[in-house]
Amino acid sequence: PDAALTRWAHAELADAVLAGRIDPSEFDPPRRLRSMAGSVVDADRAVLLDRPWLAPALPAEELVSGLLGGAPERIDALAELLDLPRASEVVTGTVVSRAGRALPWSAIAEVVTACSALDTPVPEGRLWVHDELTVELSRPSRDRRTVFTWRDDEGRWHAADPLRALIAVLTIG
């Protein structure tokens with residue numbers, strides 16, 4: 001199955017848990033899962049992707065689709081059913097590239113255009129725009145990665161690609 005079908009199946013499972021049609025305590029969690037890369041991963045190596053900007057910090061072969069849209073309860077339900085840690089529980093990182101230019105979201109033409117096309121309000125606040133965005137990870141292992149977008153510990157958004165940052169903002173509501 002491709003990533004879209006796997007994501008759909010995970011959303012259906014989460015909804016079944018939330019609706020009470022599946023009780024996670026009545027099932028043993030799976031030993032192997034379909035990763036976002038399409039491969040099969042052992043559950044003890046798998047991580048549920050709950051924040052889109054964390055995807056570049058972990059191997060795609062270990063990520064399980066958890067971005068289900070809607071309420072965070074869906075992610076919680078799937079994490080409980082599959083007995084997986086969330087990526088936000090595994091990954092920590094700090095922006096180490098040069099300071100970005102702080103711009104209001106409403107001053108970034110491509111963001112305004114995308115929000116108009118999606119019929120959604122432009123986010124409030126600022127986005128720190130970087131030519132290249134580098135994050136130093138402290139977990140799962142110490143490493144430096146170039147990423148498109150990142151939300152720092154203070155809740156500020158950084159991006160080398162403002163549209164990917166917008167998707168991340170819209171994903172978490």
Side-chain angles (χ1 to χ4, degrees), residues 2-4 6-7 10-11 13-14 24 29-69 71-105 108 110-111 123-173:
D2 63 17
T6 303
R7 188 216 119 346
H10 289 167
L13 287 169
R31 293 182 195 173
R32 299 179 59 138
L33 299 150
R34 182 71 55 184
S35 77
M36 294 181 69
S39 58
V40 176
V41 61
D42 290 335
D44 61 347
R45 290 185 36 229
V47 176
L48 189 68
L49 183 62
D50 62 334
R51 302 286 185 252
W53 63 93
L54 300 178
L58 294 163
E61 299 80 25
E62 296 176 7
L63 287 175
V64 173
S65 177
L67 295 172
L68 308 174
E73 294 84 29
R74 293 177 90 194
I75 294 172
D76 295 341
L78 186 62
E80 180 183 5
L81 180 65
L82 301 179
D83 192 26
L84 292 179
R86 293 159 188 79
S88 61
E89 297 168 339
V90 173
V91 177
T92 58
T94 304
V95 174
V96 294
S97 51
R98 283 189 182 171
R101 300 174 312 279
L103 298 173
W105 287 92
I108 304 170
E110 61 196 307
V111 168
E124 295 184 17
R126 297 183 178 277
L127 173 66
W128 276 256
V129 179
H130 299 255
D131 293 329
E132 184 174 274
L133 181 56
T134 305
V135 176
E136 184 170 335
L137 300 172
S138 54
R139 286 186 356 189
S141 62
R142 187 158 293 287
D143 190 13
R144 282 191 178 202
R145 298 272 175 102
T146 299
V147 297
F148 293 108
T149 188
W150 197 261
R151 186 175 183 194
D152 68 22
D153 292 338
E154 297 173 16
R156 293 181 302 210
W157 287 98
H158 298 262
D161 181 342
L163 289 181
R164 288 188 190 219
L166 176 64
I167 292 168
V169 167
L170 295 177
T171 300
I172 64 167

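Given the structure is predicted, the values throughout are model-derived calculations rather than measurements.
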*To the nearest 0.5 angstrom, please state how far the CG atom of Leu137 sits from the OG1 atom of Thr92.*
7.5 Å

*Below 4.5 Å, heavy atoms only, C-beta onward: do Glu61 and Ser39 meet side chain to side chain?*
yes

*asked:* If you define the side chain from C-beta out and look only at heavy atoms, does anything of Asp131 sit under 4.5 Å from Arg101?
replied: yes

*May I ask you to decide if His158's main-chain N or O and Thr149's side chain share a donor-acceptor pair within less than 3.5 Å?*
yes

*In Å, rounded to the nearest 0.5 Å, how long is the span from OG1 of Thr171 to CZ of Arg51?*
9.5 Å

_From Leu84 atom CG to Leu63 atom CG, the distance as rounded to the nearest 0.5 Å_ = 10.5 Å

*Cationic N near anionic O, under 4.0 Å, Arg142 to Glu136*: yes

*Taking Asp50 for the side chain and Ser88 for the main chain, is one N or O donor matched with an acceptor at less than 3.5 Å?*
yes

*asked:* Please check: side-chain N/O of Arg145 versus main-chain N/O of Pro56, any donor-acceptor pairing under 3.5 Å?
replied: yes

*Side-chain contact test, heavy atoms from C-beta onward, threshold under 4.5 Å: evaluate it for His130 versus Val95 and give yes or no.*
yes

*Taking side chain as C-beta onward, heavy atoms only, is Leu127 less than 4.5 Å from Leu103?*
no

*So how far is it from Asp83 CG to Leu48 CG, rounded to the nearest 0.5 Å?*
11.0 Å

*Can you check whether Val135 reaches Arg144 side chain to side chain, under 4.5 Å on heavy atoms?*
no

*Inter-residue atom distance Thr94.OG1 - Asp153.CG, 0.5 Å rounding*: 6.0 Å

*Nearest heavy-atom pair of Ser97 and Thr134: which atoms, and what distance?*
OG-N, 3.2 Å

_Distance, nearest 0.5 Å, that separates CG of Leu78 from NE2 of His10_ = 6.0 Å

*asked:* Assess the residue pair Trp105 and Val169 against the criterion (side-chain contact (heavy atoms from CB on, under 4.5 Å)); give the C-alpha distance rounded to whole Å, side-chain angles, the decisive distance to 0.1 Å, and a yes or no.
replied: CA-CA 11 Å; Trp105 287 92; Val169 167; 3.8 Å; yes

_Worked verdict on Trp157 versus Asp152 for side-chain contact (heavy atoms from CB on, under 4.5 Å)_ = CA-CA 7 Å; Trp157 287 98; Asp152 68 22; over 6 Å; no

*asked:* Are the side chains of Asp76 and Arg86 in contact, using a 4.5 Å heavy-atom criterion?
replied: yes

*Is the backbone of Ala4 close enough, under 3.5 Å, to the side chain of Asp2 for a donor and an acceptor to pair up by distance?*
yes

*Taking the side chain as C-beta and beyond, is there a heavy-atom pair between Ile172 and Trp53 under 4.5 Å?*
yes

